[in-house]
Amino acid sequence: MAAKQRCQEVELEKADAAIRQANVLIDVREPDEYSAGHLTGAINWPRGLLEFKLSSSPDLEQRDLSIVVYCRTGGRSALAACSMLDMGYLNVLSLAGGYEAWVADGRATTKPEPLVYD
């Protein structure tokens, strides 16, 4: 995939450090995927809404922020990283292997608390 050659990927072995150092961690999967489980601290901005969300978020105006993006297997996050590079962001990493690699390695994930109706 050309996007993976164009963006910078972070390998799973170095992902924890990259995420700790990042200003923001973005899950670009769809909301149902995010609800089924996600990396702790990640915000969910689906790939199709990413540019809109970035351009309407004053907290993310600085182009030198450190950002890590991920998806299910790394394809959508590579495309997202390329889009962000095109928007002028300088420090964007895509998680190689995505959420599936993270889970397969036995790393911790989070699920939103279910809504309880009385």
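Remember, it's a predicted structure, so these values are computed and weren't measured experimentally. Because only heavy atoms are used, hydrogens play no part in the values below, and waters and symmetry mates are left out as well, while side chains stay in. Residue numbers start at 1 and run along the sequence shown.
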request  = Please report the C-alpha distance between Ile19 and Leu39 in whole Å, then the side-chain angles of each, then the deciding distance to 0.1 Å, and finally whether the side chain to side chain contact (heavy atoms under 4.5 Å, CB included) criterion is met.
outcome  = CA-CA 10 Å; Ile19 291 169; Leu39 277 60; 3.7 Å; yes

- Message: Membership question, hydrophobic clusters at under 4.5 Å side-chain separation (ILVMFWY): are Leu79 and Leu90 in the same one?
- Response: no

Problem set entry | salt bridge (Lys or Arg N to Asp or Glu O under 4.0 Å) evaluation trace for Glu33 with Arg76 | CA-CA 13 Å; Glu33 294 173 288; Arg76 283 177 283 179; 3.0 Å; yes

Hey, what do you get for [atom1] ([X]) to [atom2] ([Y]), rounding to the nearest 0.5 Å?
X	Y	atom1	atom2	answer
Arg72	Leu95	CZ	CG	13.5 Å
Leu93	Glu11	CG	CD	11.0 Å
Leu85	Gln8	CG	CD	9.0 Å
Ser57	Phe52	OG	CZ	8.5 Å

Any idea which heavy atoms bring [X] and [Y] closest together, and the distance?
X	Y	value
Trp102	Ala15	CZ3-CB, 3.9 Å
Ser77	Cys71	N-SG, 3.3 Å
Val68	Ala22	CG2-CB, 3.9 Å
Glu30	Pro46	OE2-CB, 3.8 Å
Ala18	Val10	CB-CG2, 4.0 Å

task: Answer yes if the side chains of Glu51 and Ser83 hold a donor-acceptor pair under 3.5 Å, and no otherwise.
output: yes

Side chain to side chain donor-acceptor pair (under 3.5 Å) filter on Asp86, not counting sequence neighbours, yields Arg6

- [ ] Let me see the working for His38 and Arg29 under side chain to side chain contact (heavy atoms under 4.5 Å, CB included), right down to the final yes or no.
- [x] CA-CA 9 Å; His38 57 272; Arg29 299 175 301 154; 3.7 Å; yes

Grouping ILVMFWY residues whenever side-chain heavy atoms fall under 4.5 Å, the cluster of Val92 otherwise contains Val24, Ile26, Val28, Ile43, Trp45, Leu50, Leu54, Leu60, Leu65, Ile67, Val69, Met84, Met87, Tyr89

(message) Can you tell whether the side chains of Lys14 and Glu9 come within less than 4.0 Å, N to carboxylate O?
(response) no

Practice problem: Examine distances only and state if a side-chain atom of Asp27 and a backbone atom of Ala42 form a donor-acceptor pair shorter than 3.5 Å. | Solution: no

Can Thr109 and Thr40 be said to form a side chain to side chain contact (heavy atoms under 4.5 Å, CB included), step by step? CA-CA 6 Å; Thr109 62; Thr40 303; over 6 Å; no

| query | Do the non-hydrogen side-chain atoms of Gln62 and Asn23 ever get within less than 4.5 Å of each other? | reply | no

